[in-house]
Amino acid sequence: MDWQAHIIATPDTLGGRPRIAGTRIGVEMLLDLMASGWSEAQILENYPQLKPEHLQAVFAFVRDCLRDETFVLRSRAEA
């Protein structure tokens, strides 16, 4: 998946945060919806300007962002 064809960030829209090209729908908002239990079908129904490939691009974008980071996991007891 070439997420770069679907996700952009420009300083004048959403404060430069990544969003779906041609919309003001941010990647973070879509991840929040998914984390809250929204299904792909619910998102596409409520945001008809989105297509399934946009949601796939969100996951590809996050995957690539995570590849560039280093994480230190702590147990719950340490948190």
Side-chain angles (χ1 to χ4, degrees):
M1 158 57 70
D2 178 21
W3 61 261
Q4 292 149 336
H6 301 285
I7 296 177
I8 62 169
T10 54
D12 60 331
T13 306
L14 295 183
R17 292 179 169 258
R19 62 185 170 89
I20 303 299
T23 76
R24 295 181 60 82
I25 299 173
V27 167
E28 183 178 4
M29 186 198 79
L30 291 171
L31 290 171
D32 283 342
L33 291 175
M34 291 177 202
S36 297
W38 282 47
S39 68
E40 178 179 328
Q42 287 173 307
I43 293 171
L44 296 175
E45 181 179 320
N46 283 277
Y47 298 93
Q49 64 272 47
L50 296 179
K51 297 179 180 162
E53 56 265 26
H54 292 130
L55 299 182
Q56 185 180 5
V58 167
F59 284 110
F61 171 76
V62 172
R63 176 202 61 212
D64 287 353
C65 288
L66 289 173
R67 282 184 180 157
D68 293 338
E69 296 295 324
T70 302
F71 297 92
V72 177
L73 298 177
R74 297 182 294 167
S75 71
R76 287 186 174 248
E78 296 176 68

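These values consider heavy atoms only, across backbone and side chains, with no hydrogens, waters or symmetry-generated copies. Along the sequence shown, residues carry numbers from 1. The model shown is predicted, which means the values in this text are computed figures rather than measured ones.
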#### Entry: Enclosure of R17 CZ (heavy-atom neighbours >12, cutoff 6.0 Å)
no

What's the spacing between [X] [atom1] and [Y] [atom2] if we round to 0.5 Å?
X   : Y   : atom1 : atom2 : value
I25 : R19 : CD1   : CZ    : 10.5 Å
L30 : L50 : CG    : CG    : 6.0 Å
D2  : Q56 : CG    : CD    : 11.0 Å
R24 : T13 : CZ    : OG1   : 5.5 Å
Q42 : M34 : CD    : CE    : 11.5 Å

### Listed partners of R67 passing side-chain hydrogen bond (donor to acceptor under 3.5 Å, both in side chains), at least two apart
D64

### Task
Look at the side-chain heavy atoms of Ile, Leu, Val, Met, Phe, Trp and Tyr, link any pair under 4.5 Å apart, and say whether I8 and I20 land in one connected group.
no

### hydrophobic_cluster_shared for L14 and I43, side chain cutoff 4.5 Å
no

Measure across [X] and [Y] and return the closest heavy-atom pair with its distance rounded to 0.1 Å.
X   : Y   : value
E45 : P48 : O-CD, 4.0 Å
P52 : L44 : CG-CD1, 3.8 Å
M1  : E53 : CE-O, 3.6 Å
A9  : G16 : CB-O, 3.3 Å

### Sequence neighbours excluded - ring pair (Phe, Tyr, Trp, His ring centres under 6.0 Å) pairs with any residue from residues 24-63
W3-F61, H6-H54

